[in-house]
Trainee: 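Take this structure first; my questions come after.
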Amino acid sequence: DGGITQSPKYLFRKEGQNVTLSCEQNLNHDAMYWYRQDPGQGLRLIYYSQIVNDFQKGDIAEGYSVSREKKESFPLTVTSAQKNPTAFYLCASSPWTGLTGELFFGEGSRLTVL
Amino acid sequence: AQSVTQLDSHVSVSEGTPVLLRCNYSSSYSPSLFWYVQHPNKGLQLLLKYTSAATLVKGINGFEAEFKKSETSFHLTKPSAHMSDAAEYFCVVSDQGSSNYKLTFGKGTLLTVNP
């Protein structure tokens with residue numbers, strides 16, 4: 001089935017450690033996005049990518065990094081510089097970045113800092 | 001600048017009764033508006049969208065929403081709630097002609113359906 005796969009589903013991290021969240025899609029979409037979700041806060045855009053080897057910062061990029069070496073993959077690294085990393089992270093894709101409003105989401109990764 | 005306000009953080013209904021989830025928006029230009037649903041620990045799924053065609057928009061699972069420019073509202077309704085409708089709902093706004101990375105999400109309304 002076509003879709004977006006995020007892993008791991010749950011992740012625990014000690015303070016000071018970097019962690020990488022995986023996002024893979026087989027929808028042949030050009031655009032991919034990372035969002036952060038906190039309780040009662042909606043979704044906030046971390047990074048997005050419109051094409052391979054190119055990506056742009058979203059609204060809350062500080063303390064995060066991404067890469068887009070392949071069309072189907074868009075991993076997110078949460079670095080030790082992120083002051084409050086405990087959150088639910090959602091990866092999404094769309095055929096392109098033009099406005100359709102329809103993003104296809106993975107099931108998310110829940111990161112907890114111990 | 002655009003913004004969206006979901007007027008209720010939590011709505012509780014009984015199975016078989018109507019659902020109303022309220023959303024007001026602010027947009028400098030003609031807006032595009034969307035409703036998404038998120039079941040627990042899952043990703044979001046698009047329910048319906050308004051992009052300047054008919055003001056009454058029908059979506060999946062029997063939901064619909066009406067765009068009211070004079071009231072700057074885009075409320076989500078369903079005539080009869082089902083247990084499977086229990087989830088969190090997000091109202092989303094963007095300026096028409098903008099990009100998918102310009103979407104602004106509301107803070108969400110948690111819908112509880114009681115048997």
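Keep in mind it's a predicted model, so treat the numbers as computed, not measured. Values reported hereafter were calculated over all heavy atoms of this structure, with side chains retained and with hydrogens, waters and symmetry mates removed. So you know, we letter chains A, B, ... as the sequences are listed, proteins then strands, and number each from 1.
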Trainee: At a 4.5 Å cut-off on heavy atoms, which part of Q6(A) comes close to chain B: side chain, backbone, both, or neither?
Mentor: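 Nothing of Q6(A), per the 4.5 Å heavy-atom cut-off to chain B.
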Trainee: If Ile, Leu, Val, Met, Phe, Trp and Tyr residues are connected whenever their side-chain heavy atoms lie under 4.5 Å apart, and connections chain through other members, are V13(B) and L21(B) in the same group?
Mentor: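 Yes, because V13(B) and L21(B) connect within a single hydrophobic cluster, where side-chain heavy atoms sit under 4.5 Å apart.
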Trainee: Given that the side chain runs from C-beta out, which part of T51(B) has a heavy atom under 4.5 Å from chain A: side chain, backbone, both or neither?
Mentor: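 For T51(B), there is no contact with chain A at all, as no heavy atom is under 4.5 Å.
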Trainee: Once you round to the nearest 0.5 Å, how far does CZ of F105(B) lie from OH of Y35(A)?
Mentor: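 With rounding to 0.5 Å, CZ (F105(B)) is 4.5 Å from OH (Y35(A)).
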Trainee: Can you establish whether the number of heavy atoms outside K9(A) located under 6.0 Å from its atom NZ is more than 12?
Mentor: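 Count over threshold, so yes.
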Trainee: Nearest 0.5 Å, what's the CD-CZ distance between E102(A) and F34(B)?
Mentor: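 These two atoms lie 9.5 Å from each other.
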Trainee: Quick one: what part of R44(A) sits under 4.5 Å from any heavy atom of chain B, side chain, backbone, both or neither?
Mentor: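 The answer is neither part of R44(A).
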Trainee: Group every Ile, Leu, Val, Met, Phe, Trp and Tyr by side-chain heavy-atom contacts under 4.5 Å, then state whether V52(A) and Y48(A) land in the same group.
Mentor: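 They do not share one cluster, since no chain of ILVMFWY contacts under 4.5 Å joins V52(A) to Y48(A).
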Trainee: Can you tell which part of Q37(A) gets under 4.5 Å to a heavy atom of chain B, answering side chain, backbone, both or neither?
Mentor: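 Just the side chain, heavy atoms under 4.5 Å.
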Trainee: If you count heavy-atom pairs under 4.5 Å between each of H39(B), K49(B), Q6(B) and chain A, which one has the most?
Mentor: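 Ranked by heavy-atom pairs under 4.5 Å with chain A, first place is K49(B).
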Trainee: Which residues from residues 40-47 of chain B are near chain A, with near meaning under 4.5 Å between non-hydrogen atoms?
Mentor: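 Answer by number: N41(B), K42(B), G43(B), L44(B), L46(B).
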Trainee: Is there a path of hydrophobic side-chain contacts, each under 4.5 Å between heavy atoms of I, L, V, M, F, W or Y residues, that connects W35(B) with V93(B)?
Mentor: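 Cluster IDs for W35(B) and V93(B) match.
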Trainee: Heavy atom to heavy atom, less than 4.5 Å: which residues from residues 72-82 of chain B reach chain A?
Mentor: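 Result: none.
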Trainee: If you count heavy atoms of other groups shown closer than 6.0 angstrom to CD1 of I51(A), is the number above 12?
Mentor: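 Check fails, neighbour count at 12 or below.
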Trainee: A92(A), G108(A), G40(A), G58(A): which one forms the most heavy-atom pairs within less than 4.5 Å of chain B?
Mentor: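 Option with the top pair count is G40(A).
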Trainee: Quick one: do V57(B) and V92(B) end up in the same hydrophobic cluster if we chain Ile, Leu, Val, Met, Phe, Trp and Tyr together by side-chain heavy atoms under 4.5 Å apart?
Mentor: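 V57(B) does not cluster with V92(B).
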Trainee: Counting only non-hydrogen atoms closer than 4.5 Å, does Q38(B) touch chain A with its backbone (N, CA, C, O), its side chain (CB onward), both, or neither?
Mentor: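 Only the side chain of Q38(B) comes within 4.5 Å of chain A.
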Trainee: Side chain, backbone, both or neither: which part of L103(A) has a heavy atom under 4.5 Å from chain B?
Mentor: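 Both parts, backbone and side chain.
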Trainee: Side chains of L45(A) and L103(B), heavy atoms from C-beta outward: is any pair under 4.5 Å?
Mentor: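 The answer is no; the side chains never approach within 4.5 Å.
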Trainee: Using the rule that two of Ile, Leu, Val, Met, Phe, Trp, Tyr join whenever any of their side-chain heavy atoms come within less than 4.5 Å, decide whether V4(B) and L7(B) are in one cluster.
Mentor: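 No: no chain of side-chain contacts under 4.5 Å links V4(B) to L7(B).
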Trainee: So for atom NZ, which belongs to K71(A), do other residues, nucleotides or ligands contribute more than 12 heavy atoms lying within a distance under 6.0 Å?
Mentor: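 Check passes, neighbour count above 12.
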